[in-house]
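Source: prediction; values computed, not measured. For the single chain, residues carry numbers from 1 onward in sequence order.
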Amino acid sequence: MNKNLIALAVAAATLSGAVQAAEVYSDETSSLAIGGRIEARAALKDGDVTDNTRTRINIGAKSDITDSVYGLGFFEREFRAGSSETFKNIDGEEKTMNVSSDENRKLYAGIGSDYGQVVYGKIDGSLGMITDFTDIMAYHGNEAGSKINAADRASNSLAYIGSFDNLVVKANYVFDDGSNEDGYSAGAMYTLDMGLGFGAGYAQQETGAEKTDKTEKQAFAAISYTINDFYFAGLYQDARNTVAEKVRGYELAAKYTMDKLVFTGTFNYLEDTDNSNSDDALANSYAVDATYYFTNNFRTYASYKLDQAKTDDVKRQDRNKDEFVLGARYDF
């Protein structure tokens, strides 16, 4: 069984999301674990260096209710290095201000048993386990795997996830909180003992004051194969009314593990099918990286993206530049 893929899916709604978490309290029925990461990231683009350093801290708790039923809770907060922005005050003078984009990444609680888990709060959507097939790089990648809100990490969400031998299923519904947006997503993943894995999922959400203004739809399909030290995967997306009226794209990924050194590479392509000009693709890039694991907790990496997408859209100019990133990450 491809247990790595199973773990990626189950981590979306269980305490296994804190891979390196340390148990700080336990008794006969309850446990509490703390984990996270500290990650320094320097991104070089167009001659400028951006500090994308971040840290994540998570807390997971579990308490047995009966021999087969338990309660659980999970919280994860991300803190990011502040970036500077220039603006003009009321006197017309230019001022520089540090801006932070810290966020609660996950915050949920629920009940679990041998039949799965039901949780509510801010949760990973169901299509995340499908994009995880190809979202394997240390920094870049996953441009063709962009998800709508109902399929991504969303607040006010009710989710179910179950793992049955080689099969993982997940479904979630995001409620309208007054923002005139609600929707759902569902996905399934199956792996064979020979190292072959399959995944598929669908998401839909309504946006607009009358809930009929816009219906966003997404369908994902993925396949992977693991053999010895090699891993290969492909992802396909077909969407309607998301970043464009009709969108199709794919991501191809490969990984080679050589002892403590891991090489990965991806190719992403995403297009507006109503626009026949391939030079205006929404995403068209190659990316490669190398990661060295000094220990299970500490790694360093170098990642490079060659962006081939061309556009005259000013809002997307920063996406159409090659980028080189150096990073160091400590998990705890």
Side-chain angles (χ1 to χ4, degrees), residues 2-26 31-45 49-62 74-83 100-107 124 128-129 131-142 145 153 224 226 228-233 253-266 287-305 323-332:
N2 190 339
K3 294 183 178 180
N4 288 335
L5 285 180
I6 295 292
L8 284 172
V10 176
T14 66
L15 301 183
S16 61
V19 178
Q20 301 288 344
E23 189 174 74
V24 295
Y25 172 80
S26 67
S31 63
L32 180 70
I34 297 177
R37 69 171 69 167
I38 300 172
E39 188 173 9
R41 307 185 300 177
L44 175 63
K45 182 189 291 186
V49 178
T50 302
D51 184 359
N52 289 331
T53 297
R54 64 183 180 180
T55 184
R56 293 177 183 172
I57 298 176
N58 56 64
I59 301 173
K62 178 182 176 183
F74 190 81
F75 165 75
E76 184 173 69
R77 176 80 174 175
E78 178 168 293
F79 304 89
R80 301 173 186 170
S83 59
S100 176
S101 52
D102 303 339
E103 65 168 336
N104 290 333
R105 297 187 75 251
K106 301 176 186 178
L107 180 57
D124 283 334
M129 67 180 183
T131 58
D132 280 341
F133 275 65
T134 54
D135 187 13
I136 61 174
M137 301 197 71
Y139 187 90
H140 293 110
N142 199 36
R153 196 168 51 249
S224 69
T226 302
N228 299 324
D229 297 325
F230 291 92
Y231 173 84
F232 306 95
K255 178 173 70 172
Y256 173 64
T257 301
M258 187 174 63
D259 195 17
K260 295 184 177 182
L261 186 60
V262 178
F263 298 96
T264 58
T266 60
V288 294
D289 68 30
T291 303
Y292 188 81
Y293 290 80
F294 290 88
T295 68
N296 291 333
N297 299 83
F298 183 72
R299 73 191 78 168
T300 59
Y301 58 84
S303 185
Y304 178 76
K305 183 179 78 169
E323 184 177 45
F324 177 71
V325 176
L326 288 173
R329 171 174 161 179
Y330 182 83
D331 295 315
F332 59 92

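- Aromatic ring orientation, Y304 versus F324: tilted (interplanar angle from 30° to 60°).
- No donor-acceptor pair under 3.5 Å is formed between the side chain of T50 and the backbone N or O of N52.
- Taking every heavy atom of both residues into account, G145 and T131 meet most closely at O-CG2, 3.6 Å.
- For A40 against T53, the heavy-atom pair with the smallest separation is CA-OG1, 3.5 Å.
- The heavy-atom pair separating F79 from D102 by the smallest distance is CA-OD1, 3.3 Å.
- Judged purely by atom type and a 3.5 angstrom limit, R41 has no side-chain atom pairing as donor or acceptor with the backbone of R54.
- Rounded to the nearest 0.5 Å, atoms OH (Y330) and CD1 (I38) are 8.0 Å apart.
- By the 4.5 Å heavy-atom criterion applied to side chains, V288 and F263 are not counted as neighbours.
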Step by step, work out the side chain to side chain contact (heavy atoms under 4.5 Å, CB included) result for V325 and H140.
CA-CA 9 Å; V325 176; H140 293 110; 3.9 Å; yes
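- Between M129 and F133 the shortest heavy-atom distance is O-CD1, 3.4 Å.
- The closest side-chain heavy-atom distance from R153 to E103 is below 4.5 Å.
- Here the CD-NZ distance, from E323 to K305, works out to 6.0 Å after rounding to the nearest 0.5 Å.
- Ring geometry for F294 against Y292 counts as perpendicular: the plane angle is over 60°, on a 0 to 90° scale with 30° as the lower cut.
- Rounding to the nearest 0.5 Å places CG of L261 at 8.0 Å from OG1 of T291.
- With N104 contributing its side chain and R77 its backbone, the two residues share no donor-acceptor pair below 3.5 Å.
- Donor-acceptor pairing under 3.5 Å is recorded for the side chains of Y301 and E39.
- Of all non-hydrogen atoms in A42 and V49, the two that sit nearest each other are CB-CG1, 4.2 Å.
- Listed here is the closest heavy atom pair of F332 and R56: CZ-O, 3.8 Å.
- Here the CD1-CZ distance, from I57 to F75, works out to 8.5 Å after rounding to the nearest 0.5 Å.
- Judged by distance alone, with hydrogens and angles left aside, the side-chain atoms of T55 form a donor-acceptor pair with the main-chain N or O of R37 at under 3.5 Å.
- For the pair N142/M137, no side-chain contact is recorded, criterion being any heavy-atom separation below 4.5 Å from C-beta on.
- Looking at heavy atoms from C-beta onward, K255 lies in side-chain contact with V262 at the 4.5 angstrom threshold.
- With a 4.5 Å cut-off on side-chain heavy atoms, I136 and Y231 count as touching.
- Looking only at distances, a side-chain donor or acceptor of D289 sits under 3.5 Å from a matching main-chain atom of A138.
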